[in-house]
Amino acid sequence: MTNFDSTQLLRQDLNDFPPYTMGHTPLADLGKYIKLDLNEHSYGPSPKALAALAAMPHYHRYVEQEELRKAIARYVGVDAAHIVTSNGADEIIDLVQRIFLDRGDAIIDCPPSFEMFSFFARLNGARIVSVPRREDFSVDVDAVEKAISDCRFQISDSPNLQSTICNLKLVSLASPSNPDGSMLSHADVERLLALPAILVLDEAYAEFAGESYATRVPTQPNLIVLRTFSKWAGLAGLRVGYCIAPKPIATKIWQCKPPENVNAAGNVAARASLDDLEYLMANVRRIVAERERLSVEFAKLGFLQPLPSRANFILCRVVGRTGKEVRDALAVRGILIRAFGAPRLREYIRIAIGTPEENEAVLRALKEIDG
Ligand SMILES: Cc1ncc(COP(=O)(O)O)c(C=O)c1O
């Protein structure tokens with residue numbers, strides 16, 4: 001079998017699969033940078049979470065998720081039967097798609113948006129109906145309604161396949177949205193919920209916005225809310241996410257998910273975080289206050305136009321240079337921020353909100369660049 005070409009057996013539809021492009025900093029270098037490129041939480045985990053991780057004697061065991069599920073249910077304010085825990089919000093995006101999408105079914109994606117919606121849709125053999133956001137990054141709900149009502153669309157990567165009839169099942173939207181930080185208006189959410197499709201509402205940044213649709217789920221059969229401990233609780237590296245879904249859907253995801261998807265460390269740290277809300281929410285308030293202060297300071301610089309944000313980051317339009325030029329100029333000063341490859345975002349940078357000291361360093365560096 002030495003001549004056996006195993007690549008012949010690969011799925012042909014993955015030949016042009018675009019990998020997720022975001023770069024990670026090597027572990028050994030993490031402490032060397034002010035890291036504001038991935039919307040993490042500079043304050044880190046809560047002291048109770050760190051203590052619980054150190055005291056846990058059972059890392060050699062598989063750990064059940066029922067207690068975590070109940071603790072999340074109390075935090076969110078719904079019955080535990082609505083909760084499904086996951087290996088970060090990323091995994092729950094995938095699991096939700098897998099239980100709904102047959103090959104060829106479609107999701108609506110509204111770019112610029114969180115890239116993992118379309119990443120998993122491609123991986124799951126689904127089609128992507130692309131309904132671009134308006135110039136100000138708001139969702140074009142008229143266009144979403146139209147796409148669903150006639151199910152004719154432009155497949156994002158095959159513009160000549162217009163007018164294909166499809167089974168459009170999921171509308172995936174983040175609120176606050178990444179990369180721009182805007183929220184869906186309440187009126188727009190109601191219009192989306194009135195459509196004959198599932199609204200998959202990614203609320204990864206809900207704690208910074210101070211509002212959530214989670215408690216609406218028990219009375220709304222077509223709403224699934226996604227949440228995570230990565231951002232507000234500082235547990236990005238431990239990978240704990242969850243969804244709040246109507247009970248029959250939650251039951252189906254629970255049936256289909258890998259049984260050990262939340263690791264023991266993540267499980268312990270997430271539960272301890274929910275016992276340390278006062279500490280964690282004080283940091284969230286600090287980040288929100290810094291976000292507002294930085295927006296004002298960024299706008300004073302000659303070359304940045306910050307967009308209003310409800311998340312833990314700010315998207316800024318860059319005037320007179322590209323986003324990548326600003327990113328590179330900050331990188332040589334030891335500060336990592338995000339620039340984008342997509343043509344529509346070429347003139348933008350996204351900066352996560354760090355500690356006040358980190359934010360001051362960012363401001364100093366930006367002033368230097370401004371010259
Ligand atoms: C909108 C959105 N959803 C989900 C995630 C991923 O969260 P997790 O770390 O829980 O996988 C991110 C991370 O940046 C995000 O911006």
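Both counts, for ligands and for their atoms, begin at 1 and track the order of listing.
Between Tyr205 and ligand 1, an N or O atom pair is found at a separation short of 3.5 Å.
Within the model, atoms CD1 of Ile337 and CG of Leu366 stand 7.0 Å from one another, a figure rounded to the nearest 0.5 Å.
In terms of protein heavy atoms, atom 6 (C) of ligand 1 is closest to Asp90 OD1, 3.4 Å. Looking only at heavy atoms of the protein, atom 7 (O) of ligand 1 is closest to Ala89 CB, 3.6 Å. The nearest protein atom to atom 3 (N) of ligand 1, hydrogens excluded, is given as Asp202 OD2, 2.5 Å; this is a heavy-atom distance. The protein heavy-atom contact nearest to atom 11 (O) of ligand 1 is Arg239 NH2, 2.7 Å. Here the protein heavy atom with the shortest distance to atom 5 (C) of ligand 1 is Phe114 CZ, 3.3 Å. Scanning all protein heavy atoms for the shortest distance to atom 13 (C) of ligand 1 gives Lys231 NZ, 3.0 Å.
In this structure, Phe119 and Phe17 have perpendicular ring planes: the angle between them is above 60°, well past the 30° mark.
Using a 4.0 Å cut-off between heavy atoms, Asn178 contacts ligand 1 through its side chain alone, with no backbone atom that close. Neither the backbone nor the side chain of Glu91 comes within contact range of ligand 1; no heavy atom lies under 4.0 Å.
Contact record, Ser182 with Arg133: OG-NH1, 3.9 Å, taken as the closest heavy-atom pair.
Residue Gly88 has at least one heavy-atom neighbour below 4.0 Å for each of these atoms of ligand 1: 10 (O), 11 (O). The atoms of ligand 1 that sit less than 4.0 Å from any heavy atom of Ala204 are 2 (C), 3 (N), 4 (C).
Taking 4.0 Å as the cut-off, Phe229 does not count as a neighbour of ligand 1 on heavy-atom distance.
In Arg61, the CZ atom is not crowded: 12 or fewer heavy atoms of neighbouring residues, nucleotides or ligands sit closer than 6.0 Å. Counting non-hydrogen atoms of other residues, nucleotides and ligands closer than 6.0 Å to CD of Gln255 gives a total above 12.
One finds no salt bridge joining Glu67 and Arg271 here, because no Lys/Arg side-chain nitrogen approaches an Asp/Glu carboxylate oxygen to under 4.0 Å. One finds a salt bridge joining Arg239 and Asp90 here, because a Lys/Arg side-chain nitrogen approaches an Asp/Glu carboxylate oxygen to under 4.0 Å.
The side-chain heavy atoms of Lys231 and His41, taken from C-beta on, include no pair separated by under 4.5 Å.
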